[in-house]
Amino acid sequence: MNYWLMKSEPEVYGIADLERDRTTIWDGVRNYQARNFLRSMASGDRAFFYHSNASPPGIIGLMQVVETDLVDPSQFDASSHYYDPKSTPEKPRWQTVEVEFIERFPSLISLDTLRQNFSPDDLWVVRQGNRLSVMPIEIPVAEKILAMAR
DNA sequence: GCCAACGTTGGC
DNA sequence: GCCAACGTTGGC
């Protein structure tokens, strides 16, 4: 089992939305490096839910990957913010996964706290200028985050 | 709202 | 294939 970190803006889709929906298709990723990480996910992998563009930003919960290699439906929807006119159903560009809510942490682990506990090499989200919205997390780092969450 | 970081696009 | 222009992300 691998661990990941996935970002979403709480104003767009936050942990409260996932807790209500229980599962969701993680659509809208339009960065190739992030997409490649989505493609390499396996059922049963776990992902930290990171609230970006929040005050403060940080890790707020945990979810589980339940379906992999899904074609992101929003790429074909002309009315969607995530519409990609260069993508076709025959040759879709963007794949994603379905995730399931596991837990919301009792309190958010802020980006500031993450910076105090991890180096940029161990946890990419604390790298300056980092814009990647899906990233892998090494197991020892994930376990430390889980310990901090409780 | 600002703006640094940085990925993408397109002319050449 | 280079790289300037442009658009987006995301912390602050």
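In what follows, chains carry the letters A, B, and so on, assigned in the order in which the sequence lines appear, proteins first and then strands, with residues in each chain numbered from 1.
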- Answer yes or no: side-chain N or O of A:R131 and base N or O of C:dT8 forming a donor-acceptor pair under 3.5 Å. yes
- For A:Q128, answer base if it contacts any base atom (sugar-phosphate contacts may also be present), sugar-phosphate if it contacts only those atoms, and nothing otherwise; contact means non-hydrogen atoms under 4.0 Å. sugar-phosphate
- A:Y32-A:W94 aromatic ring centre distance below 6.0 Å: yes
- Nearest-Å distance, CG (A:N130) to C1' (B:dG7)? 12 Å
- Task: Nearest whole angstrom, please: distance from the C1' of C:dT9 to the CG of A:L5.
- Result: 15 Å
- Message: Under a 3.5 Å distance rule, please check whether A:S52 uses its side chain to pair with a backbone N or O of A:K7 as donor and acceptor.
- Response: no
- Atom-pair distance (CD on A:E11; P on B:dG1), nearest Å: 14 Å
- Nearest-Å distance, CD1 (A:I59) to P (C:dG11)? 12 Å
- Message: Less than 4.0 angstrom between a side-chain N/O of A:Y50 and OP1 or OP2 of C:dG11, yes or no?
- Response: yes
- Message: How many whole angstroms separate atom CE of A:M6 from atom P of C:dG10?
- Response: 13 Å
- Do the ring planes of A:Y3 and A:F48 sit parallel (below 30°), tilted (30 to 60°) or perpendicular (above 60°)? parallel
- Message: Assuming nearest nucleotide by heavy-atom distance, tell me which of A:Y32 and A:N53 is located more 5' along DNA chain B.
- Response: A:N53
- Message: OP1 or OP2 of C:dG10 versus the side-chain N and O atoms of A:K7: is any pair under 4.0 Å?
- Response: yes
- Query: Between B:dG7 atom C1' and A:N36 atom CG, what is the distance in whole Å?
  - Reply: 14 Å
- Query: To the nearest Å, how far apart are A:W124 CH2 and B:dA5 C1'?
  - Reply: 17 Å
- Measure the distance from CG on A:N31 to P on C:dT9 and round it to the nearest whole Å. 10 Å
- is_close_aromatic(A:F49, A:H51), centroid dist under 6.0 Å: yes
- Heavy atoms from other residues, nucleotides or ligands near CD of A:E11 exceed 12 (cutoff 6.0 Å): no
- Task: Would you indicate what A:R115 reaches in the nucleic acid, counting non-hydrogen atoms under 4.0 angstrom: base, sugar-phosphate, or nothing?
- Result: sugar-phosphate
